[in-house]
Every structure is written in C-alpha cells, then in structure tokens.
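Quick caveat, the model's predicted, so the values are computed rather than measured. Indexing begins at 1, ligand by ligand and atom by atom, following the structure's order. Numbering of residues begins at 1 and proceeds along the displayed sequence.
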Amino acid sequence: MDFESLSADLRALQQRALDEASAAPDPESLELLQIRYLSKKGEITTVLRGIGALPPGDRPRVGAIANGVSEAVKAALGRREAELHAEVQTLRLASERVDVTLPGRPRARGTLHPIPETAACIAEVFGQFGFVVYEGPEVEDDLTNFQMLNIPPDHPARDLWDTLYVDIPGHLLRTHTSPGQIRVMQSTRPPIRALLPGRCFRYEAVDASHGFEFFQVEGLMVDEGTSLADLKGLLDEFAHALFGPRKTRFRPGYYPFTEPSVAFDVECLVCGGVGCPACSRTGWMTILGAGMVHPVVLQYGGIDPERYQGFAFGMGVERIANLRHAVPDLRYYLENDLRFLEQFR
Ligand code: PHE
C-alpha cells in the first residue's frame, strides 16, 4: 500500500459517500450512511488502517486527506438532512393548509316559539302604556275562575267555557286568564294596569281553530274616570302597533264580568275589508273580547265601584300569532315540528 493508492481509495470513498448522501430518501438511510462512513468502525477508519504500511513521512498527509473526507461526508449528510427536513415540512404545510378566507360554519341558533314570542310582543306594546305583567295559577278554584267573575254555579253562561276539572274539590284548569283580574285587584290598589299572559284549558274538540290548551293575554285597567273611550283608544294603538294602520271597530258582545261587553275587530288583514273567505266575507276580523269591568267584579276584587271604574280585555295568543305569521292551523303550535318552528327566525 502506498500513499498514491491510499489517497485514491479515500477520494473514491468520498465520491461514493457524497453520491449516496445526496440520494438518501429519508432520515433513516442518512443515519445508516453516518454509521457506515463516519463511525469508529466505519469505512474511513478501515482505510486508515493501511496507514501503518506507509513511510512515517507520508502518514500526516494521509491523515489530513482522511479528515477532509470526513468533513466532506459529514457536510453532505448535513445538507441532505436539511433538504429532507424541508421536504417533510413542505408536505405537511400543504396537507395541513387551512383556508382562512372560508366563511365559518354557522351554528344552529334556537329562537323563541311563536306563541311566547307573540305574547312578548303584545306585552311590549301594552308595556309602553304602563301595563305590568302578572301571572296567575293554571289550576284555579271555581270561585276565582267563575263565581267572582259574576258567573254563579248554575248560571247558563258557564256553557261558554267547557271546563276541565281536577281531582281537588272546587278546583279546575282555568278556562281563561280572567281570574287573574280578581287576583290582581285583591293584591294591589288602583291605579291598576295589569297584563296577564298564560296557558288556559278547555274541554274542546280539537280542530284548526280550537285547542284544549291555548294561550291568552288578559289586560286590566282600574282607575278613577276610566271609560270605554280609553279602552277603544288603547286597543286602537295596540292593533296599529301589531298590524299597521287599519280601521277598527267595537261590536256589542256578552261576557258576565264586563258591562258593557264588546268584541274588538280590525279590518280584514287578508282582503283589507272587501270581504274574503278569511273574514267570512264580512271584511272584519275579531281580535279580542273586552268591556268595562262589572261593578260586582270590582267589589269581589275589594274595589269600590262608586269611586273606580275599570276595563278588561282578553285575547287568544294563537289567533294573534296566526294573523301575524299567516299560520292557518293552531295545531302546529303544539306539535313541535322543527320544519314549522324553524320558519320563525
Ligand atoms: N275571558 C274572556 C274569554 O275567555 C275574554 C275577556 C276577557 C272578555 C276580559 C272580556 C274581558 O273569552
């Protein structure tokens, strides 16, 4: 072995190592190359074993060449490692790419059911006139639901309310929110401006316009000098707030607890008063029942009818919601079908 052939071996070895390094497909093969060429038992060391056969003067030169080869291989391995790292990084960036300009996925948002939503809308209109919301119980006693509203036990007017009774003697499911009038009068002093929303129950055959379970909003005002004209003015404001500027009218009506009693109509929302199937060709739609609180009812409420007068009104919330949203059948409100409910966003 002489200097020439040893250094030629080292140069060949370097070339091979550099070629292999730049062709290494992954970090694992680089690791193997590192062991194969640079470790203590690697090929460079093996070549250097032949150094003992050289004349002492040549040995440092071969040592220097071997160091140069080591450095070159190390550098080549390092370069390739950086390249591989960059490739992996590029692939990862491409696969994990997020388009930040895409619009977000919308979350489904719940909304108020159209009945409480309509009740809240009614309460807001009357709230502007100083009416405050109260609530009464759904299980009422006969006294408050009927007798104190001037409907004695054997009075024929009881036929107006087909009643569901409960197992507690003298109790029933309230047939209207009017017993709330008595409760408010008994617990507060005039001036009274009360609004009473609530669920009511009647023994009804269910169809498109009747339910055995429905919502009402009751209104009660009691003060000195309260008149039917005040009632008309207030209800006009209410109708205009909900349905826009439309003609309204009072018709005579009958309720045992109001005298006089009226039905409050608005010009038909469908035909504008010409007459159509929606208004039974009358041109009018009835919105609610109302009247001046009967003196006997004021007395039951502990209020002196010589000094105070009051008016009251009561409306079916389903009916108002039907008109606001053009819903043809009140059974939809209780079915909880999302296809129906989702339309009230
Ligand atoms: N309570 C009556 C009903 O259920 C409505 C009403 C309330 C009428 C207040 C007059 C005054 O039909």
Could you go through residues 118-126 and list every donor-acceptor pair under 3.5 Å that involves a side-chain atom there, pairing it with any protein atom two or more places apart or in another chain?
unit_1: Thr118; atom_1: OG1; unit_2: Pro114; atom_2: O; d: 2.7
unit_1: Thr118; atom_1: OG1; unit_2: Arg324; atom_2: NH1; d: 2.9

> So, Thr248 and Lys232: side-chain donor and acceptor under 3.5 Å apart, yes or no?
Replying inline: yes

> Does the side chain of Asn67 pick up a donor-acceptor pair with the side chain of Ser70 at under 3.5 Å?
Replying inline: no

>> Show me, by chain and number, every protein residue that has a heavy-atom distance under 4.0 Å to ligand 1.
In response: Trp161, His176, Ser178, Gln181, Arg202, Gln216, Glu218, Tyr255, Phe257, Thr258, Gly289, Ala290, Ala312, Phe313, Gly314

>> As a quick check of understanding, evaluate ring pair (Phe, Tyr, Trp, His ring centres under 6.0 Å) for Phe215 and His113, giving each step before the final call.
In response: CA-CA 12 Å; Phe215 249 81; His113 184 280; 8.8 Å; no

> Which residue, Asn322, Leu323, Asp265, forms the side-chain contact (heavy atoms from CB on, under 4.5 Å) with Met285?
Replying inline: Leu323

>> With ring pair (Phe, Tyr, Trp, His ring centres under 6.0 Å) as the test, pick out the partner of Tyr333 among Phe344, Phe214, Phe340.
In response: Phe340

